[in-house]
Amino acid sequence: MAKYVYLFTEGNATMRNLLGGKGANLAEMTNIGLPVPQGFTITTEACTQYYEDGRTINDEIMAEIMKYVEIMEKINGKKFGDLKNPLLVSVRSGARASMPGMMDTILNLGLNDEVVAAMIAGNPDPKFERFVYDSYRRFIQMFSDVVMEVGKKYFEQLIDKMKEEKGVQYDIELNAADLKKLAEQFKAEYKKQLGQDFPSDPKVQLYEAIRAVFRSWDNPRANVYRRDNDIPYSWGTAVNVMPMVFGNLNNNSGTGVAFTRDPATGEKKLMGEFLVNAQGEDVVAGVRTPMPITEMAERFPEAYADFSRVCNILENHYRDMQDMEFTVENGKLYMLQCRNGKRTAQAALKIACDLVDEGMRTPEEAVLMIDPRNLDTLLHPQFDAKALKSAQQIGKGLGASPGAACGQIVFTADDAEKWKNAGKKVVLVRLETSPEDITGMKAAQGILTVRGGMTSHAAVVARGMGKCCVSGCGEIVMDEANKKFTLAGKTYHEGDVISIDGSTGKIYDGAVPTVDAKVEGEFGRIMSWADSFRKLHVRTNADTPRDAKKARELGAEGIGLCRTEHMFFDPQRISAFREMICADTKAEREKALDKIMGMQQGDFEELFEAMEGNPVTIRFLDPPLHEFVPTEEAEIALLAEVQGKSVEAIKAVIQGLHESNPMMGHRGCRLTVTYPEIAVMQTKAVIRAAINTKKKHPDWKIVPEIMIPLVGEAKEFSYVKKIVVEVADAEIKAAGSDLKYEVGTMIEIPRAALTADEIAKEAEFFCFGTNDLTQMTFGFSRDDAGKFLPAYYDTKIYENDPFAKLDQTGVGKLMKMAVTLGRSVRPGMECGICGEHGGDPTSVEFCHKIGLSYVSCSPYRVPIARLAAAQAAIKDRG
Ligand code: ADP
Ligand code: MG
Ligand code: MG
């Protein structure tokens, strides 16, 4: 029989798949002798079973849970519903990977009218009465919200009303009678909303709470978070049930969150926040602005000393920065959670390097500690230091998540999304954020909140997303309802522009210019370690010399894809290109092409220059021609005039180019088959550019790689290659050069993968165009998939967008097959990838596994790919 429940004393840190991160670490802390209230963990397998059983907890599991409830009651000498010694528990979710704020927690479970009355009767201190009602109203609110899904807002409105009536600002200013009344109002609200009484039996409460945690694994925000963070739906969440300790007992109690190193900068020092007379969720939700942990040292010297000791033990034990949640009840410390803390990319780099210097970690381990996806933020622009000096600072909050953000103010998550979709850059300004705001936070350049500390929801989530965030700027006088706020004597409305600095917490009026980031310091150190471990080469997709230079700075070892059509879109060139398209005769077409050739050659020369002798792969014209033709009447008329043709004639050409399925239409190498002169022109431009560059830099290794797109048949490739080779050889001979070049193909049509051995007889290299390959393999267009993919996510048919994350099962199988077939006729043949996937860490790992030679990605993803490639190689070595 499977075991679905574990006491904390039965588990340990290695069991996170089964017990979830929180459960495994509660067990580990118990094992190393730290003060943890003793409860149990219901496994992730029980959660999976719950879903398999049609969202019910089966009898077997329920019986096991009830058995462990009894054991927990014995261990703690308290009982559910007991009037002398009532047991109150928390019910907490905890998946394998931490998902802060995504799933739900219920505190103070076990309270009902009788228990409340008995507790009060047993302790005459009026402060105790206040505590009991405070716990009760919290429980009713959380249970209603989390378990029964009655909106939090109804209860918050009641609290606000009560505070208003009493003329107080904070909930701690409400007395026992107020809280008692609130508890009653809450129960009435519950009944009003649900048409039934609040459940009084603690075991029923527990059952419902456990179910709610299992259910929360599938809530919309958890699903979005999982997709963003590569967490499979199949993992499930564990549930932790443990006795409550009370930070809201009195003023000698409190609750806190702390990090052993600064999660924003990585600096080694205890960082955190503590809230007196409060329960955990108050700190995270930013209900009041908490005190810094250093102040706790003064007010709770013993608990603080104890806590510092625990911090050291935990850091040395896990050899990583720890993020801890704890509570002080009547001066005594209890540990409620620890985990390797989430951190900004900057902090991650510093911590990894420091741990190596402290002798705690090897460089390999340090490289593995960095999440490649987080590097993204470091590569984003920072405020220009010079511009900052003259910028007008209007306020300061906490630098909660670094980065520079500048944009128009919006006040709701919905607006952030809408404005972003309309192509605007926004800064989301909120009183405080809640998990519902997550998509809006993603859409914003940065987040500014009035309330909340370094560990508030906004701060934690923003750091996880690598998004700039300034939190807790109390100087802001907020009027969310009317979409405006006042700061530094000025009223800001929706749409006004501000800039915020997530490192310093400073807020500026208007737009402050930014500068590009650099790979240096700790970033550089980690990257050089990564480079020494990886096997895959990393190239870049670059169409312009500017992109190419940027990519070189970021460590690109060549160009894996230059899309030549982007050079044609230039306004000065498009007219020549249009003449080419509308030409009636070959002669006319060649004349138009001549105009373009010089320009292309110039571009290629600059690309070769920028790459300093590293490989450059140039793809010949790919998109359907209709993408280039004018749509406006005026432009059509102009084209007609230049070509000396009638408007009707031009329109007829345009009409003729129309296709019902352009993605599968007249494009790629098919253009060369119909109009060889285009390939002739492009070959000349490449070869001449290469020869010229070689002359200038005799020591550089210049071997242009000419890449033919959309090949699906070996003979098709041979036909195009012959045209290229004839022209190239003639050019080289005429110039008296000894230039070498290669002609290869993209593998982006399933048929090319299936017949790769045939194609490899002629093709000198392969490069997987996984955007098209994905499109053609799935049979849906990447331009239209956005419309129906969300339904596929909702129904769990797909967990990810296959255009963002390589489909290893299907598309990957084709790639693997193509590599094997290709190399069977051309051993050691160079095979790369140049789709968007080339910069996605899990896809890079896959490319390493199937033995690709390189990945090619957009310039800003180059460091991400370098790191991901190193991690793949390290993991591969085991
Ligand atoms: P999250 O994953 O959102 O952090 P948790 O399950 O950690 O949710 O619970 C949030 C907070 O609730 C904790 O940080 C802690 O302060 C409080 N809490 C949870 N369990 C207990 C408990 N048994 N006693 C006291 N406080 C608790
Ligand atoms: Mg927690
Ligand atoms: Mg393609």
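Both ligands and their constituent atoms are indexed starting at 1 by order of listing.
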Check contact between Lys22 and ligand 1, using heavy atoms of the residue and a distance below 4.0 angstrom. yes
Using the side-chain hydrogen bond (donor to acceptor under 3.5 Å, both in side chains) rule, collect all pairs that involve residues 109-118, keeping only residues at least two apart or in two chains. Asp113-Tyr136, Asp113-Lys187
Salt bridge check, [Y] against [X]: does any charged N sit closer than 4.0 Å to a carboxylate O?
X: Arg138; Y: Asp282; answer: yes
X: Asp306; Y: Lys332; answer: no
X: Lys342; Y: Asp323; answer: no
X: Asp262; Y: Lys350; answer: no
X: Asp320; Y: Arg343; answer: yes
X: Arg215; Y: Glu149; answer: yes

Using ring-ring contact (aromatic ring centres under 6.0 Å, His included) as the criterion, list what pairs up with Tyr133, not counting sequence neighbours. none
Nitrogen or oxygen atoms of [X] and ligand 1 under 3.5 Å apart:
X: Val245; result: yes
X: Arg92; result: yes
X: Ser90; result: yes

Counting each atom of ligand 1 from 1 as listed, which ones have a heavy atom of [X] under 4.0 Å away?
X: Met242; value: 23 (N)
X: Met244; value: 22 (C), 23 (N), 24 (N), 25 (C), 26 (N)
X: Pro243; value: 22 (C), 23 (N)
X: Thr255; value: 16 (O)
X: Gln337; value: 4 (O), 7 (O)

Verify the distance criterion only: is there a donor paired with an acceptor across the side chains of Glu173 and Gln169 at less than 3.5 Å? no
Excluding waters, which protein N, O or S atoms are within less than 2.8 Å of the Mg ion (ligand 2)? Glu325 OE1, Glu325 OE2, Gln337 OE1
For Gln337, the side-chain hydrogen bond (donor to acceptor under 3.5 Å, both in side chains) test, sequence neighbours excluded, returns Arg92
Using a 4.0 Å heavy-atom cut-off, which part of Asn240 comes near ligand 1: side chain, backbone, both, or neither? neither
So, Thr44 side chain and Gly236 main chain: donor-acceptor pair closer than 3.5 Å or not? no
